[in-house]
Amino acid sequence: MAAAMASFTVNDTITKAVSAELNIGEILLVRGLVAMVLVAALAWYRDALRSFGALLIWPVGLRVIGEIGGTLTYLSAIAQIPLANASAIFQALPLVITLGAALVFGEPVGWRRWLAIAAGFIGVLVIVRPGAEGFSQAALLALASVGFCAVRDLATRRIPKNLPTVFITLLTTVTVTTAGAAVLVPLGGWKPPSGQALGLLTFAAVLILIGYQCIIVSLRTGDISAVAPFRYTALLWAMLTGYLAFGHKPDGAMLAGATIIVASGLYAFYRERKRDKLRPAATGPGLPPDGL
């Protein structure tokens with residue numbers, strides 16, 4: 001998870017830089033085409049190529065929908081607001097996943113974790129500042145990406161074990177690239193990328209491949225309460241790369257909101273770990289293991 005966050009954050013930095021030249025659709029298309037070649041070669045090497053009928057398996061299809069929605073909304077957000085602000089809002093994802101695990105999968109959540117979830121959403125409001133002078137509609141795009149990615153991650157846990165991780169990565173890459181092509185014309189059409197932009201997007205494609213692989217493996221094999229807190233490393237990377245690449249300095253509201261979100265998230269997962277230790281061994285994990 002930590003490696004995935006580092007890969008995704010550097011990719012986000014590249015995407016934000018290139019978005020000054022190319023629209024989001026073209027970025028997704030160019031980056032995706034490179035990534036498709038790389039991941040298809042990897043899938044072939046590992047003998048993991050399967051029928052694309054796997055899209056008919058509902059968790060796979062739902063994961064793809066979540067990935068497309070999350071990618072489009074998040075990239076649109078970081079093109080308009082500082083990287084650290086978008087990343088700080090995105091840190092609410094583990095709390096939303098906990099909420100989803102309780103509502104969808106029936107995982108028991110005590111009152112302390114419900115309070116932590118509520119505190120996390122207060123932190124989001126501090127950053128978004130609805131109705132305030134500094135409010136940006138792009139912040140709502142970052143918030144929408146949280147919802148889409150929560151659907152993606154919860155669906156990932158329901159994907160059958162016999163589907164190789166690299167094949168899921170290939171499906172994701174193909175469909176996100178297709179989505180980029182679909183929105184290319186509405187977002188401004190095709191513009192020949194410069195050599196620098198093409199080189200950066202090629203590097204971003206490699207990072208996306210690494211990130212996809214790492215995050216899927218972590219969610220399918222790790223205890224979510226142990227793995228998910230490592231998402232918060234993305235905020236530190238975003239503040240660092242945002243400052244080095246664009247000179248963005250986090251304001252007080254962003255830092256305050258991010259602190260609330262991270263603290264509430266870490267407390268929620270601390271309570272989850274404590275609850276797991278108290279649970280009898282025969283009870284098993286909070287979520288059924290068939291999707292891991």
What's the shortest heavy-atom distance between Y267 and A116, and which atoms? CD2-CB, 4.1 Å
Any heavy-atom pair between the side chains of V124 and L95 that's under 4.5 Å? no
Which residues pass the side chain to side chain donor-acceptor pair (under 3.5 Å) test with T241, not counting sequence neighbours? T13
Using the side chain to side chain donor-acceptor pair (under 3.5 Å) rule, collect all pairs that involve residues 82-105, keeping only residues at least two apart or in two chains. S87-Q91
W44 atom CH2: more than 12 heavy-atom contacts under 6.0 Å: no
Spatial distance of atom CG (L103) from atom CG (L154) [nearest 0.5 Å]: 10.0 Å
Mind listing the side-chain donor-acceptor pairs of residues 1-8 below 3.5 Å, one per line with the distance, residues two or more places apart or on another chain?
residue: S7; atom: OG; partner: A3; partner atom: O; Å: 3.0

Tell me whether V30 shares a hydrophobic cluster with V185, the cluster being built from Ile, Leu, Val, Met, Phe, Trp, Tyr side chains joined at under 4.5 Å. no
Shared hydrophobic cluster for L163 and V64 (ILVMFWY, side-chain gaps under 4.5 Å): yes
Scan for ring pair (Phe, Tyr, Trp, His ring centres under 6.0 Å) pairs involving residues 59-90, sequence neighbours excluded, and state none if there are none. Y74-F90
Are side-chain heavy atoms of K16 and H248 found at a separation under 4.5 Å? yes
May I ask you to test the L22-L201 pair for a side-chain heavy-atom distance under 4.5 Å? yes
Is it the case that one hydrophobic cluster holds both I208 and V217, taking links as side-chain heavy atoms less than 4.5 Å apart, direct or via other members? no
Where L170 and A43 come nearest, the two heavy atoms and their spacing: CD2-CB, 4.4 Å
Look at the side-chain heavy atoms of Ile, Leu, Val, Met, Phe, Trp and Tyr, link any pair under 4.5 Å apart, and say whether I168 and L171 land in one connected group. yes
Roughly how far apart are I57 CD1 and R63 CZ, rounded to 0.5 Å? 13.5 Å
Check the hydrophobic clustering (I, L, V, M, F, W, Y; side-chain heavy atoms under 4.5 Å; chains of links allowed) and say if F167 and V60 are grouped together. yes
Considering only Ile, Leu, Val, Met, Phe, Trp and Tyr, and joining two whenever side-chain heavy atoms are under 4.5 Å apart, list the other residues clustered with W237. L240, Y243, L244
Restricting to side chain to side chain donor-acceptor pair (under 3.5 Å), what partner residues turn up for E26, sequence neighbours left out? none
Heavy-atom side-chain contact between L141 and L75 under 4.5 Å: no
Can you name the nearest heavy-atom pair linking I127 to A258, along with the distance? CD1-N, 3.7 Å
For a quick test of reading the model, state the closest non-hydrogen atom pair linking V96 to A150 and the distance between them. CG1-CB, 3.5 Å
Can you name the side-chain contact (heavy atoms from CB on, under 4.5 Å) partners of T173, sequence neighbours left out? A35, M36, V39, T169, T177, Y212
Go through the structure and list residues passing side-chain contact (heavy atoms from CB on, under 4.5 Å) with A102, not counting sequence neighbours. V109, W114
Can you list everything that forms a side-chain contact (heavy atoms from CB on, under 4.5 Å) with L187? Sequence neighbours excluded, please. N23, I24, V183
Could you tell me if the side chain of S19 sits less than 4.5 Å from the side chain of I27, heavy atoms only? yes
For the atom pair NZ (K191) and CD (E21), what is the distance rounded to the nearest 0.5 Å? 5.0 Å
Determine whether L207 and I14 make a side-chain contact, defined as any pair of heavy atoms from C-beta on separated by less than 4.5 Å. yes
Show me the pairs that pass salt bridge (Lys or Arg N to Asp or Glu O under 4.0 Å) and involve residues 146-155, at least two apart or across chains. E67-R152, D153-R231
Distance-minimising heavy-atom pair for L83 and G242: CD2-N, 4.4 Å
Taking only residues two or more places apart in sequence, or in another chain, which ones meet L255 in a side-chain contact (heavy atoms from CB on, under 4.5 Å)? M239, P250
Expected output: side-chain T71 to main-chain I68 donor-acceptor under 3.5 Å: no
Atom CD of Q196 with >12 non-hydrogen neighbours under 6.0 angstrom: no
Below 4.5 Å, heavy atoms only, C-beta onward: do L42 and L38 meet side chain to side chain? no
Please find the pair of heavy atoms, one from A197 and one from V18, that lie closest to each other, and give the distance. CB-CG1, 4.2 Å
With sequence neighbours left out, which residue pairs that include part of residues 251-263 fulfil the salt bridge (Lys or Arg N to Asp or Glu O under 4.0 Å) condition? R129-D251
Quickly, which of V34, L33, L28 forms a side chain to side chain contact (heavy atoms under 4.5 Å, CB included) with R31? Name it, please. L28
